[in-house]
Amino acid sequence: MDRTQVILPAGAVRRQEAYTGRLAALYRRKDRPPLAMVDTYGCQQNVADSQRIMGMLRDMGCGFTQDPYAADIIVINTCAIRENAEKKVFGVVGQLVHVKERNPEVVICLCGCMAQQETVADRIRKSYRHVDLVFGPQALWRFPELLYGVCTEGKRVFSIADEHGSIAEGLPVVRESGVKAWVSIMYGCNNFCSYCIVPYVRGRERSREAADILNEVRGLVEEGYKEITLLGQNVNSYGKDLDVPMDFADLLREIDRIPGNYLIRFMTSHPKDAGEKLFAAMAECPHVARQLHLPVQSGSSRVLKAMNRGYTREQYLEKVDMARRAMPDIVLTSDIIIGFPGETEAEAMETVSLIEQVRYDALFTFIYSPRPGTPAAKLPDPASRAEKQIWFDKLLDVQNRISAELHRGYVGKTVRVLVDGESGDEAWPLSSRTAGGRLVHLRGDAGLIGQYAEAKIVDSNTWALFGEIFSV
Ligand code: 5AD
Ligand code: SF4
């Protein structure tokens, strides 16, 4: 892809700022500042996108609310990865009809991965007439212009053209905490795993220039952020489209040179592209967390081939060994899909045996959900939902046992944690994470949020560790 077509000229982004200014002027004429509600579903990339949308809304003069009845603008940022996620959003959007009845002036916007699908947009067009604006992830940077169109022309606006995707630098942002920040390093996906909708809704892979990423991370560190997570559908493809030779391992090393007291995490890594060079960079960079989210999806080489994953069970296990040779203490997590079309019980049990072999610290597990338009959705799928549920429950039992065993191994040890918020648990009111990303509930007061602490682990369960702070 031609970089000059991918990176939006600064003028294009500035034109959006002009629309933001016009909207701010419109809102200033009202009797009070507008309130916006942003409701986010799905992955961290969506969270990061919502923070940009909130940045644009803030620059229009908006305050924020969680109450749809109090809002002047409602933005629902959606996820299309599984059918359940879509159903939930249709439920939420359906309910908003009552909000529109009570307040016909409210502007209701639907964005994100669901919105990029033609079938969803059609359904919204016909059956959810109270939705005013629909735009996909690829049009996010044009939100001010689209919203201005709705506000001044009184028409519904749909912007879901299938573009290859672009990169907009310099969009405003509202970050949720002063401790953790998300930084997108690339957008889109070229892998076309046969079950996955992402490449169809988020466009082709495109990497941000390293200088832009470094500037953003440096700024965050200077502002005092302690944990920065680099985001991409497949961070290991970073740099393939850049004019200068630069890959993800090189980028990690560059970022690591930024002085300060902070930790770098990243997600997600595709096993076919992760290797010695990445693991060496992780091992040698003190700011990089020794944590690797390496989705395997299945433990059966036959199913992996049908999923178009580009590796076999054996090749995956070799990558895990390679990572552990470089970093014996690495915390490993993964994504698993059970019940891919045509998967047999024996194949599902190969996945169970793989997790026994790897002993992940934690897993994100899903039952396959057909996504219209993907190749897998056309495959015969003879196993029943009930059978798949049995395989899924078996997998969870095994993983829960492994997580509990690994967590028990921490008891009595002292770990360095970053206190990142309140846990909601009265006995252990603070929530924190180890460098490997394990959740630790702590006793202590809220003044510690945003600080590193040494904690002695005194108890554990399947989901978390419990610790006493003994020095800050
Ligand atoms: N059904 C179930 N799970 C899916 N994922 C992606 N597509 C599907 C689907 N159609 C899972 C994969 C991916 C994670 C983000 O979501 O495990 O890694
Ligand atoms: Fe989907 Fe595969 Fe791309 Fe991940 S790598 S977003 S699972 S197509």
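Quick caveat, the model's predicted, so the values are computed rather than measured. Counting convention: from 1, in listed order, for ligands and their atoms alike.
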Side-chain donor-acceptor pairs under 3.5 Å in residues 79-87, sequence neighbours left out?
{"unit_1": "E86", "atom_1": "OE2", "unit_2": "Q117", "atom_2": "NE2", "d": "2.9"}
{"unit_1": "E86", "atom_1": "OE2", "unit_2": "R371", "atom_2": "NH1", "d": "3.1"}

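- Counting all heavy atoms, side chain and backbone alike, C111 lies closest to T78 at O-OG1, 2.7 Å.
- Salt-bridge annotation for D247 and R253: absent, with no side-chain N of the basic residue lying under 4.0 Å from a carboxylate O of the acidic one.
- By the criterion of a separation under 2.8 Å, the protein N/O/S atoms near atom 1 (Fe) of ligand 2 amount to C196 SG.
- A ring-centre distance under 6.0 Å is found for F135 and F143.
- Electrostatic pairing of R359 and E356 does not count as a salt bridge here, judged by no charged N lying under 4.0 Å from a carboxylate O.
- Listed by first then second residue, pairs satisfying salt bridge (charged side-chain N to carboxylate O under 4.0 Å, His left out) with a partner in residues 382-400 read D381-K388, not counting sequence neighbours.
- The aromatic ring centres of F266 and H293 sit 6.0 Å or more apart.
- For the pair E318 and K272, the salt-bridge criterion is not met [side-chain N within less than 4.0 Å of a carboxylate O].
- Using a 4.0 Å heavy-atom criterion, the residues that approach ligand 1 are I81, R82, Y195, Q297, D335, I337, F366, I367, Y368, S369, R371.
- Residues I213 and I255 are in side-chain contact: their nearest non-hydrogen atoms beyond the backbone lie under 4.5 Å apart.
- Ligand 2 has no atom lying under 4.0 Å from any heavy atom of R202.
- Between F90 and Y128, the gap from one ring centroid to the other is short of 6.0 Å.
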